[in-house]
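Before any comments, here is the structure.
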Amino acid sequence: MKFHLKNEAGIVLGMIVIDSSKETLMLGSFSPAPEFSAYASIFNEFEYAANNQLLSEIDRLEKCISRLSFYISGPLPQETKREIDDLQIIEGGISFHLKR
């Protein structure tokens with residue numbers, strides 16, 4: 001399945017291809033659009049913190065990412081809006097939970 005990642009203004013930030021899912025957890029690959037560059041630094045910081053087990057920094061960054069109100073639309077070609085939680089983009093991979 002393919003989805004778009006969007007910011008709260010509805011701007012497409014990239015393409016998501018879901019490789020696997022279990023209940024509300026979705027895992028896949030992420031191909032960023034040029035517009036994603038405005039957010040890349042926070043995800044790079046998160047990746048660094050995760051790789052170095054900086055737990056308090058991970059918590060802070062998770063809250064920052066959550067406040068940005070990202071969502072997905074799809075599965076393509078549909079554009080159904082789906083709210084998400086726990087968004088992580090690391091090394092070209094993406095994971096998140098669908099809100100119920």
Side-chain angles (χ1 to χ4, degrees):
M1 289 185 288
K2 294 182 180 181
F3 295 86
H4 283 138
L5 177 66
K6 295 184 176 183
N7 66 11
E8 66 182 340
I11 296 171
V12 174
L13 303 176
M15 174 73 70
I16 301 166
V17 177
I18 298 300
D19 298 323
S20 65
S21 62
K22 183 175 181 180
E23 297 180 16
T24 63
L25 176 63
M26 309 292 269
L27 304 169
S29 59
F30 178 68
S31 300
E35 293 78 5
F36 181 73
S37 64
Y39 304 98
S41 64
I42 195 167
F43 288 99
N44 291 337
E45 286 180 51
F46 182 88
E47 182 173 356
Y48 178 83
N51 288 339
N52 291 284
Q53 300 180 350
L54 305 173
L55 302 180
S56 62
E57 190 66 4
I58 290 169
D59 288 343
R60 183 187 71 78
L61 292 165
E62 284 177 337
K63 290 174 185 169
C64 289
I65 291 168
S66 179
R67 284 192 299 266
L68 291 170
S69 301
F70 295 109
Y71 67 93
I72 62 169
S73 65
L76 300 176
Q78 300 173 356
E79 288 290 332
T80 304
K81 181 178 179 177
R82 302 287 308 267
E83 293 184 12
I84 60 175
D85 275 327
D86 305 321
L87 175 62
Q88 297 180 16
I89 299 173
I90 297 177
E91 297 178 359
I94 190 168
S95 67
F96 55 88
H97 284 93
L98 295 172
K99 285 187 179 179
R100 292 180 184 218

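Computed from a prediction, not measured in an experiment: that's the story for all the values here.
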>> Is there a path of hydrophobic side-chain contacts, each under 4.5 Å between heavy atoms, that joins V12 and Y71?
In response: no
> Side-chain heavy atoms under 4.5 angstrom apart, residues restricted to Ile, Leu, Val, Met, Phe, Trp, Tyr: same cluster for L68 and L98?
Replying inline: yes
Check: [Y] and [X] side chains under 4.5 Å, non-hydrogen atoms:
X: H4; Y: E79; result: yes
X: L5; Y: I84; result: yes
X: L76; Y: M15; result: yes
X: I94; Y: L27; result: no
X: E62; Y: Q88; result: yes
X: S73; Y: F3; result: no
X: I42; Y: L61; result: yes
X: F96; Y: I72; result: yes

Can you tell me how far [atom2] of [Y] sits from [atom1] of [X], rounded to the nearest 0.5 angstrom?
X: D86; Y: H97; atom1: CG; atom2: NE2; value: 5.5 Å
X: S29; Y: K2; atom1: OG; atom2: NZ; value: 9.0 Å
X: E57; Y: E45; atom1: CD; atom2: CD; value: 6.5 Å
X: L13; Y: S37; atom1: CG; atom2: OG; value: 9.5 Å
X: M1; Y: D19; atom1: CE; atom2: CG; value: 10.5 Å

> Is the count of non-hydrogen atoms from other residues, nucleotides or ligands lying under 6.0 Å from K99 atom NZ greater than 12?
Replying inline: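 Counting other residues, nucleotides and ligands, NZ of K99 exceeds 12 neighbours.
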> Taking the side chain from N52 and the backbone from L54, do they hold a donor-acceptor pair closer than 3.5 Å?
Replying inline: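 No: the side chain of N52 does not pair with the backbone of L54.
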>> Check the orientation of F30 and F36. Use parallel for under 30°, tilted for 30 to 60°, and perpendicular for over 60°.
In response: perpendicular
>> Consider side chain to side chain contact (heavy atoms under 4.5 Å, CB included). Of I89, L87, I90, which one does F46 pass it with?
In response: I90
